[in-house]
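Numbering of residues begins at 1 and proceeds along the displayed sequence.
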Amino acid sequence: MMLPLPDKIDRASSWTGEQLALAAARWRRALTPAECDEIEAAARAFLATGRPMTTLRREDFPLPALTAGLRDLRRELIDGLGFRVLTGLPVARLEPAVAAAAFCGIGAHLGTARPQNADGHVLGHVRDLGRDPEDPTTRIYQTTARQTFHTDSADAVGLLCLQPARSGGESLLVSAETIFNRLRDEAPELAAALFDVVATDRRGEVPAGAAPWFEIPVLSWHADRLTVQYQRQYIESAQRFDGAPRLSATQHAALDAFDRIANDPNVHLAMTLAPGDMQFVYNHALLHDRAAFIDHDDTRRKRHLLRLWLALPGDRALPACYASRYGGLAPGNRGGVQTGTPIQAPVAVASR
């Protein structure tokens, strides 16, 4: 256990949903028609080169009107609220390849895209594939089930909504610092237990020579920053491996308390993403969740989001234990599912 605990944290990212629900202007920014035209023109120009999407870099995607705003967005992720939503990209009029290039180009202004699965996909498709959420090899985003609060294995995650569900599927965000502050006051012994190492299931996406799980504490205090790594379902499923460290009764209680606070509607922030909304979330400070949903029967209208995992240059230092999952610790060149598979950026719906 980590004792003594860090002091109560007071940062811009130590917010509650109750505070931000009525202050959307702090975290939503509408793209102007001129900015949308600029993004579309850059996307079409890149596609006209015939180069693979995996080669797209910031210099390939000029956005003179939006560059300063995207720099500000990156600062907001690392040192601000930890998230922002850009609205208004006209996805309904864009062909799939143009929408994908637009999203990847904006992502390239923020950081470097990282692989999200064992197939090396740096452009992900979040869509129900009919997988069983109880199967320990299933990634929960491949289902209609609620995801529960979690972090992804990259500095930041971006989502572009192409098509919402018929009902449900709301996006939920919560501050890890706020959860820690509450638990520190309520039950410091449980707060301390969150700094103990836990095993997290890799769900079959295992680098060569690695164990099928990785070991990172839920909370880490490093370089005067609190960093979170969490996926409760994957922590529980890692217990199926004989060599994985066992969860103690205190750790179970700490995880239950963590989830209880995260699920408090006054603590987390809920939002519904509309077509053309782009949400960017900083994984080291916030956790995100997706509510269960009911999809459309028409295949063309099924819920569909594009996803990016991004390594952010100039980001915070991470503890050494993160290298087992991130493949390294260098800001701007870390994170993702490290299986050695060549990267791809499929425009069509991915198979996993």
Side-chain angles (χ1 to χ4, degrees), residues 1-21 26-27 76-83 147-157 171-200 214-236 245 247-270 281-289 312 315-322 325-326:
M1 287 189 182
M2 178 178 182
L3 292 173
L5 291 170
D7 292 335
K8 189 172 182 177
I9 300 168
D10 183 13
R11 298 177 55 86
S13 48
S14 308
W15 49 261
T16 67
E18 187 175 31
Q19 294 167 340
L20 294 187
R26 291 184 62 188
W27 50 268
E76 187 72 69
L77 295 179
I78 296 174
D79 291 315
L81 295 176
F83 75 102
Q147 286 195 294
T148 74
F149 282 105
H150 66 283
T151 58
D152 292 334
S153 295
D155 297 328
V157 56
S171 175
L172 311 175
L173 303 178
V174 71
S175 163
E177 294 165 348
T178 298
I179 297 173
F180 167 76
N181 287 341
R182 294 283 180 97
L183 197 53
R184 185 185 188 280
D185 289 343
E186 295 176 9
E189 72 285 358
L190 297 184
L194 294 171
F195 293 87
D196 292 339
V197 167
V198 295
T200 299
F214 58 87
E215 298 180 21
I216 297 176
V218 173
L219 297 179
S220 299
W221 185 254
H222 183 74
D224 293 323
R225 300 291 290 267
L226 186 77
T227 299
V228 61
Q229 167 75 44
Y230 190 64
Q231 171 52 284
R232 179 69 182 270
Q233 291 143 313
Y234 297 2
I235 291 172
E236 297 286 358
L247 290 170
S248 68
T250 301
Q251 285 177 304
H252 275 292
L255 298 181
D256 289 344
F258 189 93
D259 290 340
R260 172 179 54 80
I261 298 171
N263 282 288
D264 183 335
N266 292 321
V267 174
H268 67 245
L269 176 68
V281 179
Y282 187 50
N283 280 304
H284 303 318
L286 306 187
L287 302 99
H288 57 280
D289 188 5
L312 304 179
D315 198 7
R316 67 172 66 182
L318 293 176
C321 60
Y322 273 72
R325 177 59 171 173
Y326 277 52

- Message: Please give me the minimum heavy-atom distance between Ala191 and Leu5, naming the atom from each residue.
- Response: CB-CD1, 4.0 Å
- Query: When rounded to the nearest 0.5 angstrom, what is the spacing between CG in Asp196 and CG in Leu247?
  - Reply: 10.5 Å
- Message: If I take atom CG from residue Leu287 and atom CD from residue Gln147, how far apart are they, to the nearest 0.5 angstrom?
- Response: 12.0 Å
- Message: Check Asp79 with Arg316, please: is the shortest side-chain N to carboxylate O separation under 4.0 Å?
- Response: no
- How about Arg184: does its CZ atom have over 12 heavy atoms from other parts shown lying under 6.0 Å from it? yes
- Would you please classify the geometry between the Phe149 ring and the His268 ring as parallel, tilted or perpendicular, with 30° and 60° separating the classes? tilted
- Positive for side-chain contact (heavy atoms from CB on, under 4.5 Å) with Val218, one of Thr227, Val197, Leu194: Leu194
- Message: Quick check: do His284 and Val228 have side-chain heavy atoms less than 4.5 Å from each other?
- Response: no
- Query: Does Glu186 come within less than 4.0 Å of Arg260, counting only side-chain N to carboxylate O?
  - Reply: yes
- When rounded to the nearest 0.5 angstrom, what is the spacing between OG1 in Thr200 and CD in Glu236? 10.5 Å
- Could you tell me the separation between the CD atom of Gln19 and the CG atom of Asn266, rounded to the nearest 0.5 Å? 10.5 Å
- Message: Quick one, Asn263 with Phe258, criterion side chain to side chain contact (heavy atoms under 4.5 Å, CB included). Give me CA distance, side-chain angles, the key distance, then yes/no.
- Response: CA-CA 9 Å; Asn263 282 288; Phe258 189 93; over 6 Å; no
- Note on the structure: Tightest non-hydrogen contact, residues Arg26 and Leu81, listed as NH2-CD2, 3.3 Å
- Message: Centre-to-centre under 6.0 Å for Phe83 and Tyr282, is that the case here?
- Response: no
- Query: So, for Asp155 and Tyr326, which heavy atoms are closest and what is the spacing to 0.1 Å?
  - Reply: OD1-CE2, 4.1 Å
- Message: Does atom CG (Asp10) have a neighbourhood of more than 12 heavy atoms from anything else shown, all under 6.0 Å?
- Response: no
- Heavy atoms only: give me the nearest Ser13-Glu177 pair and the separation to one decimal. OG-OE1, 2.7 Å
- Specify whether Phe180 and Phe195 have parallel, tilted or perpendicular ring planes, treating 30° as the upper limit for parallel and 60° as the lower limit for perpendicular. perpendicular
- For Leu255 and Tyr230, run side chain to side chain contact (heavy atoms under 4.5 Å, CB included): C-alpha distance rounded to whole Å, both residues' side-chain angles, the deciding distance at 0.1 Å, then the answer. CA-CA 10 Å; Leu255 298 181; Tyr230 190 64; 3.7 Å; yes
- Message: I'd like to know if Arg232 pairs up with Asp256 as an ion pair, taking the criterion as any Lys NZ or Arg NE/NH1/NH2 lying under 4.0 Å from an Asp or Glu carboxylate oxygen.
- Response: yes
- Scanning both residues in full, the closest heavy-atom pair of Thr148 with Gln233 reads OG1-OE1, 3.0 Å
- Note on the structure: Value for CD (Gln229) from CG (Asn283), rounded to nearest 0.5 Å, stands at 8.0 Å
- Query: Which is it for His150 and Tyr234 under the ring pair (Phe, Tyr, Trp, His ring centres under 6.0 Å) test, yes or no, and what are the steps along the way?
  - Reply: CA-CA 10 Å; His150 66 283; Tyr234 297 2; 7.9 Å; no
- Identify the two heavy atoms, one from Ser14 and one from Ser175, that lie closest to each other, and give their separation to 0.1 Å. CA-OG, 3.7 Å
- Item | Inter-residue atom distance Thr16.OG1 - Ile261.CD1, 0.5 Å rounding | 13.0 Å
- Query: If only atom types and distance count, is the side chain of Trp221 paired as donor or acceptor with the main-chain N or O of Pro6 below 3.5 Å?
  - Reply: no
